[in-house]
Amino acid sequence: MRDVFLYNTASREVEKLEPLSPPRVSYYSCGPTVYNHVHVGNLRTYVFTDTVRRVLEYAGYDVLHVMNITDVGHMTTDQDEGADKMQVAAERERKSPWEVAEHYTRLFLADVDALNVQRPHVLCRATDHIREMLDLTARLVERGCAYVTPSGVYFDTTAMPDYGKLARLNLSGQEDGARVEPHPDKRHPRDFALWKLDQPTHAMQWDSPWGRGYPGWHIECSAMAMRFLGETIDLHSGGIDHIPVHHENEIAQSECATGKTFAKVWMHAGFLTIGDTKISKSLGNFFTLSDLAGKGFDPLSFRYFCYTAKYRQPLNFTDQALRAAQKTLQGIRNFVRYAPESALSGEEPFVAPLREQFAAAICHDLNMPQAVAVVLEMIREANRTREPRVLEALFDFDRVLGLGLREVRSETTALPPTIRSRVAEREEARVQRDFARSDALRDEVLAEGWILEDTPEGVRVRPREREES
RNA sequence: GGCGCCGUGGCCAAGUGGUAAGGCAGAGGUCUGCAAAACCUCCAUCACCGGUUCGAAUCCGGUCGGCGCCUCCA
């Protein structure tokens with residue numbers, strides 16, 4: 001097992017990972033609220049999550065990964081007013097909230113599958129764990145950390161002496177409620193709902209000891225993390241925006257209920273920006289994976305693109321940058337595709353130090369840009385020296401990269417007969433030195449999506465990849 | 001008002017004390033009938049000012065600029 005060093009938001013330092021009971025690592029990551037398509041910014045976070053898991057596994061840990069699907073609607077504000085996101089979507093699409101959840105869950109999974117994001121070992125829906133949430137809420141009420149009002153059960157943030165520790169909130173300096181009027185039933189503006197009671201029109205309601213209602217947003221993560229991973233988990237991650245409210249509240253309600261540390265390490269992914277601005281619908285920069293596909297980008301190009309910056313940094317999304325990523329990935333694929341059989345076994349001497357560099361890079365807080373630079377150096381060296389015996393290492397690295405390189409190798413590029421015959425025809429023309437004819441044939445074949453390359457070993461035919469002309 | 005992040009070549013970016021990784025784009029070359037692929041070469045002194053140090057992109061102070069959060073948000 002190799003030591004892995006991770007930046008812990010809780011300490012604001014890079015720390016050596018010390019799991020509770022190695023080699024097991026319990027890992028909880030926040031999943032989507034399924035009321036709309038996920039955009040490329042969301043997807044960056046899921047690629048990050050998957051990378052965390054892959055790196056830990058590469059380092060020799062046995063990861064148990066749990067992710068939630070938030071399929072309960074929550075208020076768009078923490079107020080009583082405000083529409084429920086799920087309900088809004090349901091009305092918009094003339095479906096029940098359940099159908100909306102099902103629909104977008106399916107789309108979400110299709111997207112992450114396309115990105116080679118491994119499915120978490122446990123993918124849990126909030127609506128399947130109402131019992132656990134009620135139990136946890138009851139526990140908090142019993143312990144005096146929560147109070148019951150006509151509008152709902154609220155967590156009392158003053159019951160948590162170090163509330164705000166994750167985000168290092170300066171409670172006294174904050175202008176609580178400056179922008180949103182807190183609910184009058186709340187004793188303190190930062191208190192948050194564990195169970196809502198006063199939304200009779202809400203489409204999803206369950207019975208509870210306090211009356212019919214539905215859970216608050218934060219409670220599901222605590223309840224499900226504890227159910228599947230125990231009261232203290234090794235690692236918890238999510239988007240950087242979750243630090244001040246969602247994760248702070250998870251910590252508060254979990255630790256008040258158990259008296260134990262909720263998560264030992266907290267990791268947060270930075271935003272993917274467009275024009276140096278966050279993604280939001282109102283700015284019209286809400287891109288989905290299918291939007292990218294429509295522009296000719298391969299989903300895995302996007303995955304590779306995510307590796308061009310450190311996960312904590314904002315990553316600026318531009319067409320040029322994504323094209324660069326796709327181009328580079330195609331170069332890697334070409335290498336894999338055309339390396340001779342002899343490259344599959346054995347290893348060039350220059351590979352060993354690169355293996356070490358690769359492992360060191362990923363284990364140092366997931367330095368993927370550096371890891372990828374090592375990969376490219378290896379390929380360049382293999383091409384340069386014409387000593388291609390690096391595929392074993394490359395496929396090994398791909399356990400972390402998740403770029404599907406092995407699949408590229410085993411792809412059977414079955415040539416349609418019409419293409420095959422024209423390739424043969426072109427070969428004949430070339431022998432006759434009829435280059436006008438030969439070039440015309442090459443163009444024809446290209447138009448149908450096949451690239452011909454003349455090599456000393458003969459003509460090579462490969463499918464044209466997107467964005468390639 | 002509070003908390004936090006960032007400013008490295010045309011673009012995306014790594015590097016956090018020893019004289020700037022990598023990719024894409026661009027220029028020139030090798031190879032090729034021409035291409036393609038591949039390889040080689042070239043292309044930045046790190047927003048600005050001051051300080052610490054033998055030495056700073058990297059530490060400290062300040063200035064300017066950009067961004068995020070404090071309200072649902074990856």
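Computed from a predicted model, the values in this text were never measured in an experiment. Chain naming here is simple, since letters A, B, ... match the order of the sequence lines and numbering starts at 1 in each.
- Heavy atoms of A:Asp319 sit nowhere under 4.0 angstrom from any nucleic acid atom.
- What separates CZ of A:Phe302 from C1' of B:rC12 is a distance of 13 Å, to the nearest Å.
- Of the candidate nucleotides B:rC6, B:rG33, B:rA13, B:rA13 has the atom nearest to the side chain of A:Ala309.
- Along RNA chain B, the nucleotide closest to A:Gly238 and the one closest to A:Gly331 are compared, and the more 5′ of them pairs with A:Gly331.
- Comparing B:rC34, B:rC73, B:rA35 by their nearest atom to the side chain of A:His242 picks out B:rC73.
- Taking atom C1' on both B:rG7 and B:rA47, the two are 6 Å apart, rounded to the nearest angstrom.
- The side chain of A:Ala373 approaches B:rA21 more closely than any other nucleotide in the set B:rA74, B:rA21, B:rA14.
- Of the candidate nucleotides B:rG33, B:rA74, B:rA14, B:rA74 has the atom nearest to the side chain of A:Phe271.
- Among the protein residues, A:Leu315 comes within range of the sugar-phosphate backbone only, with heavy atoms under 4.0 Å from sugar or phosphate atoms but none that close to a base.
- Helical stems involving RNA chain B, defined as 3 or more consecutive Watson-Crick or G-U pairs under 3.5 Å, span B:1-7 with B:64-70, B:10-12 with B:22-24, B:26-30 with B:38-42, B:47-51 with B:59-63.
- Look at the C1' atom in both B:rA13 and B:rA44: the space between them is 13 Å, to the nearest Å.
- Side-chain N/O atoms of A:Thr385 and A:Glu348 include no donor and acceptor closer than 3.5 Å.
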Enumerate the protein-to-nucleotides 39-42 of chain B contacts in which both atoms are nitrogen or oxygen and the separation is below 3.5 Å.
none

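- Residue A:Asp454 is in base contact, counting any heavy-atom pair closer than 4.0 Å across all strands shown.
- Within the 4.0 angstrom heavy-atom criterion, only backbone atoms of the sugar-phosphate kind lie near A:Arg460; the bases stay farther away.
- Phosphate contact (OP1/OP2 of B:rA37, side-chain N/O of A:Asn334, threshold under 4.0 Å): absent.
- Of the residues listed (A:Asp454, A:Asp434, A:Asp439, A:Asp443), the one engaging A:Arg426 in a salt bridge (charged side-chain N to carboxylate O under 4.0 Å, His left out) is A:Asp454, and it is the only one.
- Across all strands shown, A:Arg437 has no heavy atoms under 4.0 Å from either base or sugar-phosphate atoms.
- Of the P atoms belonging to B:rC31 and B:rA25, the separation is 23 Å, rounded to the nearest Å.
- Taking 3.5 Å as the limit, the base of B:rG68 and the side chain of A:Asp241 contain no donor-acceptor pair of atoms between them.
- Residue contacts shown for A:Pro314 are limited to sugar-phosphate atoms, with no base heavy atom under 4.0 Å away.
- When only modelled atom types and interatomic distance are considered, A:Tyr104 and A:Asp71 share no side-chain donor-acceptor pair under 3.5 Å.
- A:Leu272 comes within 4.0 angstrom of a base, heavy atoms only.
- Between A:Arg106 and A:Asp111 there is no salt bridge, since none of the side-chain N atoms of the basic residue sits less than 4.0 Å from a carboxylate O of the acidic one.
- Spacing of C1' atoms, B:rU16 relative to B:rU53, comes out at 16 Å, to the nearest Å.
- The aromatic rings of A:Phe262 and A:Trp266 sit tilted, their planes meeting at an angle between 30° and 60°.
- A donor-acceptor pair shorter than 3.5 Å can be found between the side chains of A:His218 and A:His246.
- A donor-acceptor contact under 3.5 angstrom links the side chains of A:Arg337 and A:Asn334, judged on distance only.
- Of the N and O atoms on the side chains of A:Arg44 and A:His39, not one donor lies less than 3.5 Å from an acceptor on the other residue.
- Under the 3.5 Å distance criterion, with hydrogens and angles disregarded, no donor-acceptor pair is assigned to the side chains of A:Thr45 and A:Tyr311.
- Among the heavy atoms of the strands, none lies under 4.0 Å from A:Thr273.
- At a threshold of 4.5 Å between non-hydrogen side-chain atoms, the residues A:Thr308 and A:Val372 do not count as touching.
- B:rU63 and B:rC69: their C1' atoms are spaced 25 Å apart (whole Å).
- Considering only the side chain of A:Arg12, B:rG4 comes nearest among B:rC34, B:rC6, B:rG4.
- Here A:Asn68 contributes atom CG and A:Ser222 contributes atom OG; the two are 10.5 Å apart, rounded to the nearest 0.5 Å.
- Position along RNA chain B of the nearest nucleotide to A:His39 versus A:Thr318 favours A:Thr318 as the more 5'-ward residue.
- Nearest nucleotide to the side chain of A:Phe305, out of B:rC12, B:rG33, B:rC69: B:rC12.
- Straight-line distance from the CG atom of A:Leu446 to the C1' atom of B:rA35: 11 Å, rounded to whole Å.
- Distance noted for atom P between B:rC6 and B:rA14: 10 Å (whole Å).
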N/O contacts under 3.5 Å, protein versus nucleotides 25-31 of chain B?
from   : atom 1 : to       : atom 2 : distance (Å)
B:rA25 : OP1    : A:Lys327 : NZ     : 3.2

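- For the P atom pair drawn from B:rA38 and B:rC24, the interatomic distance equals 8 Å after rounding to whole Å.
- Under 3.5 Å, the side chain of A:Lys278 and the base of B:rC73 form at least one donor-acceptor pair of N or O atoms.
- The CD-P distance, from A:Gln370 to B:rG15, rounds to 7 Å in whole Å.
- Checking A:Asn249 against A:Tyr163 by side-chain atom types alone, a donor-acceptor pair falls below 3.5 Å.
- For the C1' atom pair drawn from B:rG15 and B:rG29, the interatomic distance equals 31 Å after rounding to whole Å.
- For A:Pro369, whose side chain is taken as the heavy atoms from C-beta onward, the closest listed nucleotide among B:rG15, B:rA21, B:rG33 is B:rA21.
- Using a 4.0 Å heavy-atom distance criterion, A:Glu377 is classed as making no nucleic acid contact.
- Judged by distance alone, the side chains of A:His65 and A:Ser29 do bring a donor and an acceptor atom under 3.5 Å apart.
- If you check B:rG33, B:rC11, B:rA37 against the side chain of A:Arg462, the one that comes closest is B:rA37.
- With contacts defined as side-chain heavy-atom distances shorter than 4.5 Å, the pair A:Arg303/A:Asp50 qualifies.
- Each of B:rA74, B:rC12, B:rC69 was ranked by its minimum atom distance to the side chain of A:Pro244; first place goes to B:rC69.
- A cation-pi geometry, defined here as NZ or CZ lying under 6.0 Å from the six-membered ring centre and within 45° of its normal, does not hold between A:Arg323 and A:Phe297.
- Within 4.0 Å (heavy atoms only), A:Leu452 reaches at least one base atom of the nucleic acid.
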